[in-house]
J.: 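I'd like to ask you about the structure that follows.
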Amino acid sequence: MSITLREGAFAKINLTLDVLDRRADGYHDIRSVLQTISIRDVVELELGTGQPWALTCDKEDIPQDNTNLAWRAAEVFFRTAKKDPQGLTIRITKRIPAQAGLGGGSADAAAVLRALNRHYEYPFSVYALAELGAEVGSDVPFCTLGGTALAEGRGERLRKLPDLPETVFVVCKPDFSVSTPELYRRLDETAIAKRPDHKAMEAAIAKGDLGAVAENLWNVFEPVVTEEHLELNYIKSLMNSYGAMGFAMTGSGSAVYAMMPSFEYAAVVCAMLKENYPQIFIAKNV
């Protein structure tokens, strides 16, 4: 008899993002303060189907085979835990925009890990589970942990930070997307004029000072992306005009978010942007 597990898969934003040296393995070290937010996919796992593994998604452009990070997370979990689900079907209902810098695929993979760990009565601690996530993708460890954290290395080295006070965000995904490998290549050829102040960001978080958090938002990818996509300046300008405390691009883009002083201000920004940018959301920190 099969059993179905259900788990929320929460998006992430980068409050800060710095790219450091290129490593011998070709990847770059990063340093980033990350935050989970309430935009979420829903992941269902049906165990014990007696059938070959399968994955379905309500969005056709999402991989529905073993290249999907959620499938790979299940493989890593069962291999490491030495368990056999006797058939598995993964069903994903998407709400997190793809290719946005919001970690949608990583969030789905993390949800798989959390759901399976709970079902099998926690064979892995949360940090051990995050280490499994590092085998799947760079953002999966943080998405497994959630909350507010500093990530270093490729994203696998995590340090939990104090939770932010309740914060309202507006997240806007323009129509274009950006190639992450191409963006790293371009950043390698660019002198980085400004880097985030992680000490100031951590101090602001420790104090629960949202104004100071907003002042220290920064992503080194943002100027490089904006060079070719000036509409990011338009989006941020409108957010600023309607009361944003601060704003930044998340990940390698193309989504931009703003910290807002209240839900009412956030609703106004959404109303002003929605006609041109239908992928716009109001979210809270999780």
J.: Indicate the atoms forming the closest heavy-atom contact of L232 with S254, along with that distance.
T.: CD2-O, 3.8 Å
J.: Which atom pair, heavy atoms only, marks the closest approach of L88 to A74?
T.: CD2-CB, 3.8 Å
J.: Which heavy atom in V171 sits nearest to a heavy atom in A255, and how many Å separate them?
T.: CG1-CB, 4.3 Å
J.: Which of these passes side chain to side chain contact (heavy atoms under 4.5 Å, CB included) with L20: I30, I192, V220, D29?
T.: D29
J.: Does the side chain of L34 reach to within under 4.5 Å of the side chain of T148, using non-hydrogen atoms?
T.: no
J.: Can you spot which of T80, L145, N117 makes a side chain to side chain contact (heavy atoms under 4.5 Å, CB included) with L129?
T.: N117
J.: How about Y257 and F281: are their ring centroids closer than 6.0 Å?
T.: no
J.: Has Y265 got more than 12 heavy atoms of other residues, nucleotides or ligands less than 6.0 Å from its OH?
T.: no
J.: Would the number of heavy atoms belonging to other residues, nucleotides or ligands and lying under 6.0 Å from OH of Y127 be above 12?
T.: yes
J.: Just wondering, more than 12 heavy atoms not from E275 lying within 6.0 Å of its CD?
T.: no
J.: For F124, does the CZ atom have more than 12 heavy-atom neighbours from other residues, nucleotides or ligands under 6.0 Å away?
T.: yes
J.: Under a single-linkage definition using a 4.5 Å side-chain heavy-atom cutoff for Ile, Leu, Val, Met, Phe, Trp and Tyr, are Y277 and M249 assigned to the same hydrophobic cluster?
T.: yes
J.: Do you know which two heavy atoms are closest between P196 and T16, and how far apart they sit?
T.: CB-CB, 3.7 Å
J.: Sequence neighbours left out, cut at 3.5 Å: what donor-acceptor pairs do the side chains of residues 93-104 make with other protein atoms?
T.:
from	atom 1	to	atom 2	distance (Å)
K94	NZ	D41	OD2	2.6
K94	NZ	D108	OD2	3.3

J.: Looking only at heavy atoms, which two atoms of K12 and C143 are closest? And how far apart?
T.: CG-SG, 4.3 Å
J.: Pair N68, I62 - check side chain to side chain contact (heavy atoms under 4.5 Å, CB included), show working.
T.: CA-CA 8 Å; N68 190 294; I62 301 298; 3.6 Å; yes
J.: Do E135 and R79 sit within salt-bridge range, that is, some charged N less than 4.0 Å from a carboxylate O?
T.: yes
J.: Are L161 and E202 close enough, and set up right, to give a side chain to side chain contact (heavy atoms under 4.5 Å, CB included), and what steps lead you there?
T.: CA-CA 8 Å; L161 299 175; E202 285 197 50; 3.5 Å; yes
J.: Return the minimal non-hydrogen interatomic distance between E156 and A134, and the atom names on each side.
T.: CB-CB, 3.9 Å
J.: Would you find more than 12 non-hydrogen atoms of other residues, nucleotides or ligands less than 6.0 Å from R6 atom CZ?
T.: no
J.: Describe, in one word, how the ring planes of H229 and F176 are oriented to each other, choosing from parallel (under 30°), tilted (30 to 60°) and perpendicular (over 60°).
T.: parallel
